[in-house]
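First up is the structure itself, then whatever we jot down about it.
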Amino acid sequence: MGTWYWWTLLGMALATYIPRAFPLTFLEGKELPPVVSGVLRNIPYAVLGALIFPAILYVQQDHLLFGLIGTVVAFSLAFLFSNVMVVVLGTIGVLAVYSLIF
Amino acid sequence: MNNNSFISGLKAGISIAIGYFPVALTFGLLAKTTGLSIWEATAMSIFVYAGAAQYMSLTLIAKGVDPILIVLNTFVVNIRHFLMTAALNEKMQSEKRWIKGIYAFGITDESFSVLATQKESKIATPFAFGVALIAYSSWVVFTAVGHVIGANLPAFLQAAMSIALYAMFVGLLVPSMRGNRKVVMLALVAAVINGFFYWTGLLSTGWSILVATLASSIFIEIIYAKHEKNLPKGA
């Protein structure tokens, strides 16, 4: 790669950093209207819904059963234990056994 | 600096570090096959630090796409972080702007999810540094490792670990859903809208997540505002 690579990297770094840093620094100490902060408080749970579904089904591209088993195991473990680490390691463990067998 | 909340932050970020491990390893490997040197590949993880955008950039670099388009694409993929960091700001302890500007660099889908679902009403700054640091370290270190060893994990483990980040999202969401119908509705509506855009192919992933999140958050807020108005006083 040539010098252009490093310029591209600089551009990519800025294009990534600005959306992260602008709201956190610009909104510091600002009181937002209740409607807006109400909507903002909803964001985390909505984001999680969108991040999980449907991508979780396609972790192994077209091997849908794999994603489906992962989904069921992850949700079951989360309902039973509500400990993130147990959910992560448990789901990996079950899928590792599944991939070894099939 | 408050050591305790920094350490709790590191602990809360471990599941992200585990989830990044296979993704970063594969990125390092793919970067090598795309022709990037170890320093070029690792520098991208150090300075850009954005999973989806980095993967896409490799495809674009391999195709010889104009660098300006690569940068624009990166921006589009990351535009949803405007929404996430605006939401996160409501939950973060008040802090000097330049300090927030530092940990802001460490806000990804994953670290945002971990931070925003903490039960405390305000999150201490050192906690955010802890979460960001352990996740970032995993991303950078395993990018380099992936490039050096130039091979993947055994296939069964690689496949199993591809679920890690999603399992983490589930593990963060479900405890908040318990006894809270609003949370259930927010996640469900966003998931359905995102699924719609995914299967119809109307929007690319970055936009789809942004639109689904925003639409669900606004829609549910309106429903609940109406609902609360209709309730008798004191209910």
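Reminder, nothing fancy here: chain letters follow the sequence lines and each chain counts from 1. Quantities reported herein were computed from a predicted structural model and do not represent experimental measurements.
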(message) For the interface with chain A, which of B:Met44, B:Met84, B:Gln54, B:Gln158 has the highest count of heavy-atom pairs at distances below 4.5 Å?
(response) B:Met44

(request) Give the member of B:Phe105, B:Phe47, B:Trp98 that has the highest number of heavy-atom pairs under 4.5 Å with chain A. (result) B:Phe105

(message) Heavy-atom count check: over 12 atoms from other residues, nucleotides or ligands less than 6.0 Å from A:Lys30 NZ?
(response) yes

(message) Tell me if a side-chain donor or acceptor on B:Thr85 pairs with a main-chain N or O of A:Pro19 at a distance below 3.5 Å.
(response) yes

(message) For A:Tyr5, which atoms come within 4.5 Å of any heavy atom of chain B: side chain, backbone, both, or neither?
(response) side chain

(message) Ignoring hydrogens, what is the shortest heavy-atom contact between A:Ala50 and B:Asn194? Give both atom names and the distance.
(response) O-ND2, 2.8 Å

(message) Quick check for you: among A:Gly49, A:Ala46, A:Ser99, A:Gly11, which has the greatest number of heavy-atom pairs under 4.5 Å with chain B?
(response) A:Ala46

(message) Between B:Leu72, B:Leu88, B:Val183, B:Leu83, who has the most heavy-atom pairs with chain A when the cutoff is under 4.5 Å?
(response) B:Val183

(request) Quick one: which of A:Phe75, A:Trp4, A:Phe81 has the most heavy-atom pairs under 4.5 Å with chain B, could you say? (result) A:Phe75

(message) Shorter than 4.5 Å, heavy atoms on both sides: which option in B:Gly101, B:Ala159, B:Ala164 has the most such pairs with chain A?
(response) B:Ala159

(request) Measure A:Met1 against the heavy atoms of chain B and call it side chain, backbone, both or neither at under 4.5 Å. (result) both

(request) Taking the side chain as every heavy atom from C-beta outward, state whether B:Thr117 and A:Leu48 have any pair of such atoms under 4.5 Å apart. (result) yes

(request) Pick one of side chain, backbone, both or neither for B:Tyr103, based on which atoms fall under 4.5 Å of a heavy atom in chain A. (result) side chain

(message) If I take atom CE from residue B:Met168 and atom CG from residue A:Leu51, how far apart are they, to the nearest 0.5 angstrom?
(response) 9.0 Å

(request) Please report the closest heavy-atom contact between A:Thr91 and B:Ala167, naming both atoms and the distance. (result) OG1-CB, 3.8 Å

(message) Looking at A:Val59, is its backbone amide N or carbonyl O close enough to the side chain of B:Tyr166 to form a donor-acceptor pair, meaning the two atoms are under 3.5 Å apart?
(response) no

(message) If we define contacts as heavy-atom pairs under 4.5 Å, which of B:Leu186, B:Ile220, B:Val76 has the most with chain A?
(response) B:Leu186

(request) Calculate, to the nearest 0.5 Å, the distance between atoms OG and CZ belonging to B:Ser111 and A:Arg20 respectively. (result) 7.5 Å

(message) Can you tell me which of A:Leu57, A:Leu77, A:Val47, A:Val94 forms the most heavy-atom pairs within a distance under 4.5 Å of chain B?
(response) A:Val47

(request) Against chain B, label A:Leu32 side chain, backbone, both or neither, depending on which of its atoms sit under 4.5 Å from a heavy atom there. (result) side chain

(message) Aromatic contact between B:Trp199 and A:Phe53, with the criterion being ring centroids under 6.0 Å apart: yes or no?
(response) yes

(message) Test your reading of the model: is there a side-chain donor-acceptor pair from A:Glu28 to the backbone of B:Glu95, 3.5 Å cut-off?
(response) yes

(message) If you define the side chain from C-beta out and look only at heavy atoms, does anything of A:Phe26 sit under 4.5 Å from B:Asn89?
(response) no

(message) Taking side chain as everything from C-beta outward and backbone as N, CA, C, O, which of these in B:Glu40 sits under 4.5 Å from a heavy atom of chain A? Side chain, backbone, both or neither.
(response) both

(request) Please round to the nearest 0.5 Å and tell me the distance separating atom CE of B:Met177 and atom OG of A:Ser82. (result) 12.5 Å

(request) Provide the closest heavy-atom pair for B:Arg178 versus A:Ala78 in the form atom of the first, atom of the second, distance. (result) NH2-O, 3.4 Å

(message) Could you tell me if the side chain of B:Val170 sits less than 4.5 Å from the side chain of A:Ile56, heavy atoms only?
(response) yes

(message) If I measure from the heavy atoms of chain A, does B:Ser208 come under 4.5 Å with its side chain, its backbone, both, or neither?
(response) neither

(request) Mind ranking B:Asp109, B:Leu157, B:Ile102 by heavy-atom pairs under 4.5 Å with chain A and telling me who comes out on top? (result) B:Asp109

(message) With rounding to the nearest 0.5 angstrom, report the CD1 to CG distance, A:Ile43 to B:Leu214.
(response) 5.5 Å

(message) What part of B:Lys182 gets within 4.5 angstrom of chain A, counting heavy atoms only: side chain, backbone, both, or neither?
(response) side chain

(message) For B:Ala43, which atoms come within 4.5 Å of any heavy atom of chain A: side chain, backbone, both, or neither?
(response) both

(request) Please flag which part of B:Leu172 lies under 4.5 Å from any non-hydrogen atom of chain A: side chain, backbone, both or neither. (result) both

(message) Is it the case that the side chain of B:Lys100 and the backbone of A:Leu24 share a donor-acceptor pair, with hydrogens and angles ignored and the cut-off at 3.5 Å?
(response) yes

(message) Looking at every heavy atom in both B:Ser15 and A:Val88, which two are closest together, and how far apart are they?
(response) CB-CG2, 4.1 Å

(request) May I ask you to test the B:Ile14-A:Met85 pair for a side-chain heavy-atom distance under 4.5 Å? (result) yes

(message) Under 4.5 Å from any heavy atom of chain B, what part of A:Leu10 do you find: side chain, backbone, both or neither?
(response) neither

(request) Taking the side chain as every heavy atom from C-beta outward, state whether A:Ile92 and B:Ile18 have any atom pair closer than 4.5 Å. (result) yes

(request) Verify the neighbour count for atom OH of B:Tyr224: are there more than 12 heavy atoms of other residues, nucleotides or ligands below 6.0 Å? (result) yes

(request) Measure the CZ-CZ distance between B:Phe82 and A:Phe22 for me, rounded to the nearest 0.5 Å. (result) 7.0 Å

(message) I need the minimum non-hydrogen distance between A:Met12 and B:Ala53, along with the two atoms involved.
(response) CE-O, 4.0 Å

(request) Tell me, for B:Phe112 versus chain A, whether the close heavy atoms (under 4.5 Å) come from the side chain, the backbone, both or neither. (result) side chain

(request) Count the heavy atoms belonging to other residues, nucleotides or ligands that lie under 6.0 Å from NZ of B:Lys11, then report whether that count exceeds 12. (result) no

(message) On a heavy-atom basis, which atom in A:Gly38 and which in B:Glu221 lie closest, and how many Å separate them?
(response) O-OE1, 3.5 Å

(request) Could you check which of A:Leu40, A:Val36, A:Leu14, A:Ile18 has the highest count of heavy-atom pairs closer than 4.5 Å to chain B? (result) A:Leu40

(request) Among the options A:Phe66, A:Trp7, A:Tyr98, pick out the one with the most heavy-atom pairs lying under 4.5 Å from chain B. (result) A:Phe66

(message) If we define contacts as heavy-atom pairs under 4.5 Å, which of A:Ala13, A:Pro54, A:Gly93 has the most with chain B?
(response) A:Pro54

(request) Enter the distance from A:Thr16:OG1 to B:Ile107:CD1 here, rounded to the nearest 0.5 Å. (result) 13.5 Å

(message) Heavy-atom cut-off 4.5 Å, strictly under: side chain, backbone, both or neither for A:Phe79 against chain B?
(response) both

(message) Taking the six-membered ring for Trp, are A:Tyr58 and B:Tyr198 closer than 6.0 Å centroid to centroid?
(response) yes

